[in-house]
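This report refers to the structure that appears directly beneath it.
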Amino acid sequence: MKTLVVANQKGGVGKTSTLVHLAFDFLEQGLKVVVIDLDTQGNASYTLQSFRSGLVASELFTDVPTGSWPQTGIDVTAPNSPRMTLIASDVGLANLEKMSLPEAGAKFRDAIKALDAQSFDACLIDTAPSLGVGMAAALLAADYVLSPIELEAYSIQGIKQMVTTIAHLRKANPKLKFLGMVPSKVDARNPRHARHLEELERAYPQLMIPTGVGLRSSIADALASRVPVWKIKKTAARKATLEIRALAAHVFEKMEITQ
Ligand SMILES: Nc1ncnc2c1ncn2[C@@H]1O[C@H](COP(=O)(O)OP(=O)(O)O)[C@@H](O)[C@H]1O
Ligand SMILES: [Mg+2]
């Protein structure tokens, strides 16, 4: 199982949109997918609610007797079983910030191991917009991290801190690879966006993912309707679909998932 975290301490930059679309795309590629929602806002849990498992996210950080580690209650290898499951956000996640990072990190790593043993191919983790214990614990257990960013000053201002945080956590988790930043909600007609994109490409030439996603209301429609954008029957959804599919193909390839 390969584990990807979607992270950026700024809110509203497209993290959940990216995560949900990767999950739908990977599912269609035939992967067995587990999604973990570590954000108490529960946006991914809302869109993916029909995939809910018997587990909630805070349980991945609690003490359980050895050998009975988190069971999603779904055998994804069984014929006719759903191939995607959601470990939804819950109020218990609020207590995470009271835990020490080494403790939260160790528990979450064990939980990821337990999910790996349940034959999932990909584990996708959504995070809250903060540099808190939850995000750090996810980064300590993951193989990959992806950061959607908006091409606005406040978003760009925070990215340096995000890059530093990832570099710091890689010392404790050397297998962690930063797949890069995905420009999201890009308005092609906005000169400020074009300028910010240029600045970012100059500052982080290795870290800019070439497949960005435009500002497209069909994406917001899709998230609200709990479907991927390619299920939205509007002409305007076509461009969004092409962009999201290109991003998913890029991430899929970088994750080197073997089934
Ligand atoms: N490419 C896009 N175009 C237009 N709206 C978008 C796009 N991506 C996300 N949104 C909308 O912007 C808001 C924030 O996106 P979201 O994915 O929830 O960000 P985050 O998880 O980083 O807070 C949501 O209301 C969502 O529907
Ligand atoms: Mg979100």
Side-chain angles (χ1 to χ4, degrees), residues 4-25 35-49 51 57 86-91 93-94 96 124-132 134-135 138-139 145-159 161-163 165-166 179-190 192-194 196-197 208-232 234-248 250-251:
L4 171 82
V5 181
V6 179
N8 185 333
Q9 83 271 27
K10 177 94 173 62
V13 296
K15 287 184 292 297
T16 302
S17 171
T18 303
L19 172 114
V20 161
H21 280 100
L22 289 176
F24 281 125
D25 183 89
V35 174
I36 304 175
D37 186 357
L38 291 184
D39 185 357
T40 49
Q41 293 179 86
N43 298 146
S45 302
Y46 172 86
T47 298
L48 300 176
Q49 59 182 245
F51 298 94
L86 164 74
I87 301 178
S89 148
D90 65 305
V91 287
L93 281 175
L96 253 189
L124 305 177
I125 306 174
D126 199 12
T127 56
S130 88
L131 294 170
M135 185 214 277
L139 291 174
V145 53
L146 182 70
S147 295
I149 60 158
E150 232 183 330
L151 298 174
E152 296 294 357
Y154 287 175
S155 182
I156 290 166
Q157 193 191 357
I159 206 66
Q161 212 181 349
M162 188 68 224
V163 171
T165 302
I166 292 170
L179 294 186
M181 301 183 250
V182 191
S184 289
K185 301 163 90 171
V186 181
D187 179 357
R189 282 170 301 191
N190 183 332
R192 190 176 61 251
H193 281 198
H196 284 150
L197 186 58
M208 295 309 292
I209 290 189
T211 50
V213 178
L215 181 68
R216 312 211 179 270
S217 66
S218 53
I219 291 183
D221 285 348
L223 298 173
S225 313
R226 306 190 184 104
V227 292
V229 70
W230 44 91
K231 295 265 168 78
I232 298 287
K234 283 186 194 158
T235 322
R238 280 191 211 141
K239 273 191 181 153
T241 297
L242 289 175
E243 289 172 348
I244 299 259
R245 291 288 201 191
L247 172 63
H250 177 91
V251 173

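Predicted model, so just to flag it, every value in this text is computed and none were measured. These values consider heavy atoms only, across backbone and side chains, with no hydrogens, waters or symmetry-generated copies. Note that ligands are numbered from 1 as they come in the structure, with each ligand's atoms numbered from 1 the same way.
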Check your understanding: Quick check: does any side chain N or O of S89 sit under 3.5 Å from a backbone N or O of D37, one acting as donor and the other as acceptor?
Key -> no

Exercise for review: To the nearest 0.5 angstrom, please state how far the NE2 atom of H21 sits from the CD atom of E243.
Suggested key: 11.5 Å

Exercise for review: Give yes or no for whether the N/O distance cutoff of 3.5 Å, strictly under, is met between K10 and ligand 1.
Suggested key: no

**Study point:** Atoms in ligand 1 with a heavy atom of S17 nearer than 4.0 Å
**Key:** 8 (N), 9 (C), 17 (O)

Review point. Within the structure, does S217 bring an N/O atom to less than 3.5 angstrom of an N/O atom in ligand 1?
Key: no

Check your understanding: Which heavy-atom pair separates A44 from T16 by the least distance, and what is that distance?
Key -> N-CG2, 3.5 Å

Check your understanding: Roughly how far, to the nearest 0.5 Å, is CG of N8 from OG1 of T165?
Key -> 10.0 Å

Review point. Which atoms from ligand 1 have a heavy atom of L223 less than 4.0 Å away?
Key: 26 (C), 27 (O)

Check your understanding: Of the listed options (E150, E243, K185), which comes nearest to atom 13 (C) of ligand 1 when hydrogens are ignored and any heavy atom counts?
Key -> K185

**Study point:** V13 neighbourhood, listing ligand 1 atoms whose heavy-atom distance to it stays under 4.0 Å
**Key:** 19 (O), 20 (P), 22 (O)

Check your understanding: For the atom pair CG (L146) and NE2 (H250), what is the distance rounded to the nearest 0.5 Å?
Key -> 8.0 Å

Check your understanding: Within the structure, does R216 bring an N/O atom to less than 3.5 angstrom of an N/O atom in ligand 1?
Key -> yes

**Study point:** Protein residue, atom and distance nearest to atom 18 (O) of ligand 1, heavy-atom basis
**Key:** T16 CB, 3.9 Å

Exercise for review: Looking only at protein heavy atoms, identify the closest one to atom 19 (O) of ligand 1 and say how far it is in Å.
Suggested key: G14 N, 3.0 Å

**Study point:** Exercise check, heavy-atom protein proximity under 4.0 Å to atom 8 (N) of ligand 1
**Key:** yes

Practice item. Pull out every atom of ligand 1 sitting under 4.0 Å from any heavy atom of A220, numbered as shown with elements. Key: 27 (O)

Practice item. Begin with the C-alpha distance, continue with both residues' side-chain angles, and end with the deciding distance and a verdict on side chain to side chain contact (heavy atoms under 4.5 Å, CB included) for R192 and E152. Key: CA-CA 8 Å; R192 190 176 61 251; E152 296 294 357; 2.8 Å; yes

Review point. Could you state the interatomic distance from CD (E150) to CD1 (I159), rounded to the nearest 0.5 Å?
Key: 11.5 Å

Check your understanding: N/O/S atom of T16 under 2.8 Å from the Mg ion (ligand 2), yes or no?
Key -> yes

Study note, to complete from the structure: The reported gap from CZ in F51 to CG in L86 (rounded to nearest 0.5 angstrom) is 9.0 Å

**Study point:** Distance filter under 4.0 Å to G12 heavy atoms, resulting ligand 1 atoms
**Key:** 14 (C), 19 (O), 20 (P), 22 (O), 23 (O)

Point to revise | Nearest option to atom 1 (N) of ligand 1, as decided by whichever heavy atom of G11, G214, A7 sits closest | key: G214

Practice item. State plainly whether the residues D39 and K15 are in salt-bridge range, i.e. N to O under 4.0 Å. Key: no

Revision key, fill the gap. Interatomic distance, CG@L19 vs CG@D126, rounded to 0.5 Å, equals 4.5 Å

Check your understanding: What atoms in ligand 1 come closer than 4.0 Å to a heavy atom of V213?
Key -> 1 (N)

